Amino acid sequence: MASIVFLGFIVYSLYLAIRSRRGGGDQSVHDFFVASRQFGAWLVFFLAAGEVYSIGTMVGFPGGIYAKGPTYGVWFLGYILLAYPLGYFLGPKIWEAGSRHNAITLPDLFKGHYQNRALELIVAASAIIFLLPWGQLQFTGLVAALKGLGWNFTPLHLVLISAALAFTYIAISGVRAMSYIAILKDILMLAAIIVTGVAVGMHVGVDEVFQAASAKVSNHMNPTELRFSMSTIFFQSLGFYMMPFAIQNFFTAKSANTIRRTQIVMPLYMLMYPFLVLASYYAISQNLELASPNEAFFAAATRLLPGWLLGLVAAGAALSGLLVLAGICLAIGPIVTRNLMPSVPEQKQKFASKVVIVIYLLMSIVMTLATPNLMLTLINTAYYGVTQFFPGVLAILFKKKLRPMAVGLGILCGQLSAIAMYVEQPDFGGVNLGLVSLAVNLVVLFAAQWLLPRPAAQVKTA
């Protein structure tokens with residue numbers, strides 16, 4: 001029964017993708033990637049929520065609490081809550097900058113504002129490098145979700161099925177298909193999380209679960225852990241909307257006010273986290289021996305829910321991972337065809353991007369299966385890398401004149417120092433290494449801005 005329900009929702013998601021096509025005609029490159037900037041508040045809201053609350057919400061958050069205790073949730077929840085006010089003020093300006101420069105990608109913003117090819121290449125190449133592990137992260141969660149159905153497929157077969165579904169969504173109508181599927185995904189994800197949490201409360205009891213789990217894990221932070229949590233909340237809130245796919249989602253809105261309206265209601269999704277805590281505490285309190293902490297949520301679901309509800313849970317988790325995987329693909333494709341290969345004519349960019357997407361999916365599958373340790377290292381450094389775009393983006397949003405070379409040097413020094421510190425693990429008293437690398441970025445940027453010779457031509461800012 002679980003598999004039947006699961007497959008039913010997957011088929012329905014394909015139907016929604018087909019319905020998303022308007023008139024069935026050929027889409028322009030702007031319509032395929034950013035919906036011709038026509039989405040209203042509801043579609044932007046579901047699309048943005050689909051990227052934020054991915055399969056990592058159902059896998060990573062409960063798994064982190066299962067492995068490290070409730071203190072893990074402090075920074076996990078804190079940086080998201082702090083990011084929303086930033087999104088309220090910066091999101092509309094990102095949309096305005098995108099409209100001003102007719103941008104589809106994050107590097108398009110740098111190209112339009114700074115008018116510098118070298119800086120565009122730095123942003124494009126580093127964006128792709130730090131997006132690569134995100135595919136592996138989704139594949140990992142998808143494998144966990146599909147295994148919860150009892151399917152006896154190898155990991156290779158499961159990731160191939162997932163990649164084929166993600167590409168099918170994209171091929172049908174690009175970001176329009178994603179927005180329609182995001183509505184179904186959010187309904188299923190919220191239902192799955194709430195139902196599982198309620199099942200824990202009904203079968204075991206909320207007090208009992210909390211008391212049993214509290215006896216096994218620490219509820220206290222030492223000063224080093226507290227500094228890490230606070231610095232991580234601040235650092236990752238700055239990088240939250242620097243993800244190339246997050247900025248690209250802003251470009252789909254029909255107005256700056258549309259962005260503001262979506263950001264106001266985004267925190268409502270946080271109401272689901274207590275139910276995720278219940279699921280992870282259940283796994284702790286029942287002394288469940290899990291092959292991986294990532295199985296904590298699904299362990300509770302498989303033990304407490306009937307088959308048809310388990311199918312709903314698996315569908316919600318799978319669509320969460322597939323949606324983010326498709327979003328990553330829609331970000332990487334045009335970055336390659338528009339920014340790394342600007343000679344590709346616009347009328348051919350959509351087809352070329354699909355080829356790039358297929359290559360990216362195949363690379364992610366190979367790297368997931370062949371070099372999992374490398375991918376996990378890159379995942380840990382991904383926020384370190386993309387947050388280095390923040391100073392340059394801030395200058396774009398407020399139309400400030402900075403030297404392209406200074407911005408580029410700041411980004412590169414910040415990213416290289418972040419990777420070096422991640423490898424060497426120097427002690428900064430618990431302060432997040434990404435925040436230290438962002439400080440390096442700013443020092444280099446301002447030093448270069450002050451010391452480098454003034455260019456002959458002024459930077460174009462409008």
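Note that the numbering runs from 1 along the sequence shown for the chain. Because the structure is a prediction, the values reported are computed rather than measured.
Between the side chain of Trp95 and the main chain of Ala253, a donor-acceptor pair closer than 3.5 Å is present. Between the side chain of Arg303 and the backbone N or O of Ala299, at least one donor-acceptor pair lies under 3.5 Å. Listed for the Ser320 side chain is a donor-acceptor partner under 3.5 Å among the backbone atoms of Gly316. Distance alone, capped at 3.5 Å, places no donor-acceptor pair between the Thr232 side chain and the Asn432 backbone. Formation of a donor-acceptor pair under 3.5 Å by the Tyr273 side chain with backbone atoms of Phe61 is not found in this model. The backbone N or O of Tyr422 lies less than 3.5 Å from a partner atom in the side chain of Gln425, making a donor-acceptor pair.
Atoms CE and CD1, on Met363 and Ile332 in that order, are 8.5 Å from each other to the nearest 0.5 Å. Atoms OH and CG, from Tyr383 and Leu238 in turn, are 10.5 Å apart once rounded to the nearest 0.5 Å. Atoms CG and CH2, from Leu47 and Trp42 in turn, are 14.5 Å apart once rounded to the nearest 0.5 Å. For the atom pair Phe240 CZ and Phe235 CZ, the distance stands at 14.0 Å (nearest 0.5 Å). Here CG of Leu276 is found 7.5 Å from CE of Met58. Values are rounded to the nearest 0.5 Å. Annotation: the span from Tyr384 atom OH to Gln415 atom CD amounts to 13.5 Å, rounded to 0.5 Å.
Under the 4.5 Å side-chain criterion, counting only non-hydrogen atoms from C-beta, Cys329 is in contact with Leu361. Side-chain atoms of Phe275 and Thr196, non-hydrogen and from C-beta on, never get closer than 4.5 Å to each other. The closest side-chain heavy-atom distance from Phe130 to Met242 is not below 4.5 Å. Side-chain contact check for Asn249 versus Val44: every heavy-atom pair is 4.5 Å or farther apart. Side-chain atoms of Met243 and Gln248, non-hydrogen and from C-beta on, never get closer than 4.5 Å to each other. Looking at Thr337 and Lys348, their side chains never come closer than 4.5 Å, going by heavy atoms from C-beta outward. Considering only heavy atoms from C-beta on, Val313 comes within 4.5 Å of Phe297 through its side chain. Counting only heavy atoms from C-beta outward, the side chains of Val175 and Phe33 never approach each other to under 4.5 Å.
No more than 12 heavy atoms of other residues, nucleotides or ligands sit less than 6.0 Å from atom CZ of Arg261. Counted within 6.0 Å of NZ on Lys254, heavy atoms from surrounding residues, nucleotides or ligands total 12 or fewer; the atom is thus considered open. Annotation for Met270: atom CE counts as buried by contact number, over 12 foreign heavy atoms lying within 6.0 Å. Crowding of Arg19 atom CZ: a count of heavy atoms from other residues, nucleotides or ligands under 6.0 Å not exceeding 12.
The two residues Val29 and Lys350 make their nearest non-hydrogen contact at CG2-N, 4.4 Å. Scanning all heavy atoms of the two residues, the minimum distance from Tyr282 to Leu304 falls at OH-CD2, 3.7 Å. Closest approach of Tyr84 to Pro267, counting heavy atoms only: CD1-CG, 3.6 Å. Taking each heavy atom of Leu438 and Thr387 in turn, the nearest pair found is CD1-O, 3.8 Å. Heavy-atom minimum distance, Val200 versus Ala279: CG2-CA, 4.3 Å. Closest approach of Ala41 and Thr262 over heavy atoms only: O-CG2, 3.2 Å.
Ser36 and Asp31 share a donor-acceptor pair across their side chains, judged by distance under 3.5 Å alone. Side-chain contact annotation: Arg176 with Tyr180, donor-acceptor N/O pair under 3.5 Å absent. Looking only at atom types and distance, the side chain of Thr258 has a donor-acceptor partner in the side chain of Ser255 under 3.5 Å away.
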**Request:** Could you walk me through whether Leu330 and Phe245 pass side-chain contact (heavy atoms from CB on, under 4.5 Å), step by step?
**Result:** CA-CA 8 Å; Leu330 284 174; Phe245 51 80; over 6 Å; no
query = Hey, mind stepping through Phe110 and Ile396 against side-chain contact (heavy atoms from CB on, under 4.5 Å) and telling me if it holds?
reply = CA-CA 7 Å; Phe110 282 82; Ile396 296 171; 4.1 Å; yes
ask   = When you look at Lys111 and Thr105, which way does the side-chain contact (heavy atoms from CB on, under 4.5 Å) test go after all the steps?
value = CA-CA 10 Å; Lys111 174 185 177 182; Thr105 68; over 6 Å; no
- Item | Residue pair Tyr241, Gln263: steps toward the side-chain contact (heavy atoms from CB on, under 4.5 Å) verdict | CA-CA 12 Å; Tyr241 288 118; Gln263 294 302 302; 2.7 Å; yes
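The aromatic ring centroids of Phe45 and Tyr269 lie less than 6.0 Å from each other.
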Which pairs would a plain distance check flag for residues 159-173, meaning a side-chain donor or acceptor within less than 3.5 Å of a matching protein atom at least two apart in sequence or in another chain?
unit_1: Ser162; atom_1: OG; unit_2: Leu158; atom_2: O; d: 2.9
unit_1: Thr168; atom_1: OG1; unit_2: Ala164; atom_2: O; d: 2.7
unit_1: Tyr169; atom_1: OH; unit_2: Ser13; atom_2: OG; d: 2.6
unit_1: Ser173; atom_1: OG; unit_2: Ser20; atom_2: OG; d: 2.5
unit_1: Ser173; atom_1: OG; unit_2: Ala177; atom_2: N; d: 3.1

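Under the 30°/60° scheme for interplanar angles, the aromatic rings of Tyr79 and Phe76 are found to stand perpendicular.
For the pairing with Leu323, the side chain to side chain contact (heavy atoms under 4.5 Å, CB included) check across Asp186, Leu184, Ile181, Ile328 returns one residue only, Ile181. None of Asn339, Val393, Ile335 except one satisfies the side chain to side chain contact (heavy atoms under 4.5 Å, CB included) rule with Leu106; the exception is Val393.
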